[in-house]
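Reviewing the structure listed below.
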Amino acid sequence: MKYLFGASGHAKVVLDVINSNNDTLGGIFDDDTNKNSFLDIPYLGQYEKHNEFSNDSKFLVSIGDNSLRKLVVQRIKQDFFKSCHNLSIVSKYSEIGLGTVVMANAVINAEASIGNHCIINTAAVVEHDCYIEDFVHISPNATITGNVTIGEGSMIGANTVVKQGTKIGKWSIIGAGAVIIEDVPDFATVVGNPGKIIKYNEQ
Ligand SMILES: CC(=O)SCCNC(=O)CCNC(=O)[C@H](O)C(C)(C)COP(=O)(O)OP(=O)(O)OC[C@H]1O[C@@H](n2cnc3c(N)ncnc32)[C@H](O)[C@@H]1OP(=O)(O)O
């Protein structure tokens, strides 16, 4: 049986992805014990409760914030599953890691490699030969053109365009609507067209 962690807004969209494949979910865990249910799936208790479930259970952390998602992933003892919306287009020549979710209308082209626990959000495009590390979030409608590298934990804002061959570092944040035409260092926040660094984030 499959289960979600984190009863967030993002989890509602993850649930739609899972439903699109006619997959069945056993329920959702969240540290907030005030929840009784989440949309039409049962609330199962706080995160540690998953230790009581059978060894063949599979999990997906449905938390949008990249750092928080990583923290929760590190608390889970068992295996993860990935899920791609049945209206996404995923090349058979691409790779997608465990714990990753691909939303409706997203496109992942040939020889793109997507890490573990990533979010490829609604209608995002990840072009051929891109290399996306773990815990990255590509927001709705962002276009990652060919041969781009994105480091662990980076957040690419909605409608961003990243020019081919560019390297984006780890744990950087690219503001909504930015156009990235040159490499971005680790931990930088970049906004605008052309993208400019406005600050560095805490490590
Ligand atoms: C399904 C979903 O919802 S997925 C989520 C998708 N979400 C997004 O795409 C949002 C991405 N986040 C952003 O764009 C944010 O504005 C950030 C992260 C870039 C900046 O947020 P903060 O760190 O809080 O910065 P803050 O709001 O203080 O802005 C700092 C400066 O940058 C400017 N700025 C902020 N965001 C942008 C942007 N996207 N484009 C251009 N300028 C921007 C602000 O106007 C401000 O300028 P000023 O100093 O001249 O006044």
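Whatever order the structure lists them in is the order used to number ligands and atoms, beginning at 1.
Around ligand 1, the residues contributing at least one heavy atom under 4.0 Å from the ligand are Asn121, His137, Ser139, Pro140, Met155, Gly157, Ala158, Ile173, Gly175, Ala176, Val191, Ile198, Lys199.
Ring centers of Phe59 and Tyr3: under 6.0 Å apart, within the cut-off. The six-membered or imidazole ring of Phe5 lies away from that of Phe80, with a centre-to-centre distance of 6.0 Å or more.
In summary, Lys167 and Asp186 do not engage in a salt bridge, as defined by a charged side-chain N under 4.0 Å from a carboxylate O.
Residues Thr100 and His117 come closest through the heavy atom pair OG1-N, 3.1 Å.
The closest side-chain donor-acceptor pair between Asp16 and His85, if any, does not fall under 3.5 angstrom.
Taking the ring centre of Tyr43 as origin, the terminal cationic atom of Lys35 falls outside the region bounded by 6.0 Å and 45° from the ring axis.
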